[in-house]
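Take a look at the structure set out below.
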Amino acid sequence: MKLTNLLEKEALSLSFEVFPPKTDMNFDSVRHATEEIAALRPAFMSVTYGAGGGTSRYTLEIAKNIKERYGVPTLAHLTCVSSTKETVRQKIGEIKTAGIQNVMALRGDIPAELQNADRGTWAYTHAIELVRELKESGADLCIGGACYPEVHPESANQKEDIRYLKEKVDAGCDFLTTQMFFDNNLFYNFLYKIREAGITVPVMPGIMPITNGNQVERAIKLSGSLMPQRFKALVDKFGTTPAAMKQAGIAYATDQIIDLFANGIRNVHVYSMNKPDVAAAILHNLSDILG
Ligand code: FAD
């Protein structure tokens with residue numbers, strides 16, 4: 001199923017993100033975790049591509065497995081930044097062959113080990129070029145793009161970031177998913193501004209349940225997200241007590257999702273990080289709300 005069909009429905013929905021294994025040895029445990037999440041029947045699942053040094057060749061394998069064994073629609077991520085045209089075209093061919101209908105078109109970040117590499121054959125600078133490549137491939141795909149309520153760290157300011165976002169959407173994005181945020185007001189503010197700028201596609205907020213004190217610093221560093229005082233207090237109090245932090249992090253994320261639903265947002269994407277227990281707990285907390 002194309003996600004555009006899901007996103008136009010009135011019903012409230014929750015979707016989950018998983019990531020491929022970082023090494024070949026972890027493949028079975030990651031596949032098992034993704035299957036446990038799929039068995040919870042989320043609206044769809046996204047599978048990241050090479051994020052954090054993961055083995056990108058498994059993205060499609062995991063996405064295909066979830067779709068075929070559990071009937072859960074999948075969204076396969078694809079990045080372009082250190083790729084050649086040939087690699088990207090080959091990947092698009094593989095996506096078509098795998099029967100995947102939804103692709104998240106991302107630029108990606110240059111991995112540390114390639115910082116000093118010869119960039120002569122790299123063909124892409126921004127995600128918009130990948131969106132165009134996907135469109136030109138003739139594949140019948142629903143295309144997503146990333147957006148940043150707290151501004152992408154490389155952008156000079158929000159106005160410029162939104163101007164480039166509009167260009168990316170106009171090139172062919174059918175929907176957007178946001179970077180994580182911990183203060184919903186930042187998202188509402190962003191949504192208002194992008195609607196004002198003429199971006200009309202559905203925007204899915206991305207919510208990251210922080211369930212481990214050690215996760216906080218890395219998550220904030222990666223996303224540049226602000227930590228509201230309420231969230232800081234929670235981490236200070238429970239960050240060193242794993243079970244308590246997990247419960248508090250799930251409650252905080254649940255609270256954010258309820259507020260988003262209450263304010264008219266229908267589809268929320270959860271960065272569930274290959275954690276079936278966290279995904280299940282959030283679904284349980286929202287069981288009557290999701291119906
Ligand atoms: P772009 O849209 O290219 O934007 C990057 C920056 O360039 C922004 O500052 C933008 O304003 C600017 N820009 C855009 N177009 C132009 C232009 N024409 N000229 C000048 N400046 C321009 N990373 C992974 O490696 N794998 C994943 O699976 C993954 N999934 C993600 C999912 C989501 C929902 C999000 C929010 C991020 C994800 N990322 C992933 C991280 C992402 O790759 C990084 O944030 C990356 O730095 C930017 O990617 P982008 O697609 O937003 O890039």
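Worth knowing before you read on, the calculation uses all heavy atoms, side chains too, and leaves out hydrogens, waters and symmetry mates. Just so you know, ligand 1 is whichever comes first in the structure, and atom 1 is the first atom listed for that ligand.
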query = How far does CD of Glu17 sit from NE2 of His77, to the nearest 0.5 angstrom?
reply = 4.5 Å

ask   = When the ring planes of Phe182 and Tyr252 are compared, do they come out parallel, tilted or perpendicular, using 30° and 60° as the limits?
value = tilted

Which option wins on minimum heavy-atom distance to [atom]: [options]?
| atom | options | result |
| --- | --- | --- |
| atom 32 (C) of ligand 1 | His152, His77, Met180, Glu154 | His77 |
| atom 53 (O) of ligand 1 | Arg163, Glu160, Arg107 | Arg107 |
| atom 14 (C) of ligand 1 | Tyr49, Tyr164, Tyr271 | Tyr164 |
| atom 3 (O) of ligand 1 | Ala127, Pro20, Pro205 | Ala127 |

message = Can you pull out every salt bridge (charged side-chain N to carboxylate O under 4.0 Å, His left out) where at least one residue sits in residues 62-79? Sequence neighbours excluded, please.
response = Glu35-Arg69, Lys64-Glu68

[X] with [Y]: basic N within carboxylate O range, under 4.0 Å:
| X | Y | value |
| --- | --- | --- |
| Lys232 | Asp236 | no |
| Glu133 | Lys85 | yes |
| Arg57 | Asp24 | yes |
| Arg107 | Glu154 | yes |
| Asp140 | Lys96 | no |
| Asp255 | Arg230 | yes |

Only heavy atoms of [X], strictly under 4.0 Å: list the atoms of ligand 1 that pass.
| X | value |
| --- | --- |
| Asp161 | 8 (C), 9 (O), 10 (C), 11 (O) |
| Thr79 | 24 (C), 25 (O), 26 (N) |
| Thr48 | 28 (O) |
| Thr177 | 34 (C) |

Side chain, backbone, both or neither: [X] near ligand 1, heavy atoms under 4.0 Å:
| X | answer |
| --- | --- |
| Lys168 | side chain |
| Tyr148 | side chain |
| Met104 | side chain |

Any N or O on [X] sitting closer than 3.5 Å to an N or O of ligand 1?
| X | value |
| --- | --- |
| Gly108 | yes |
| Ser155 | yes |
| Thr125 | no |

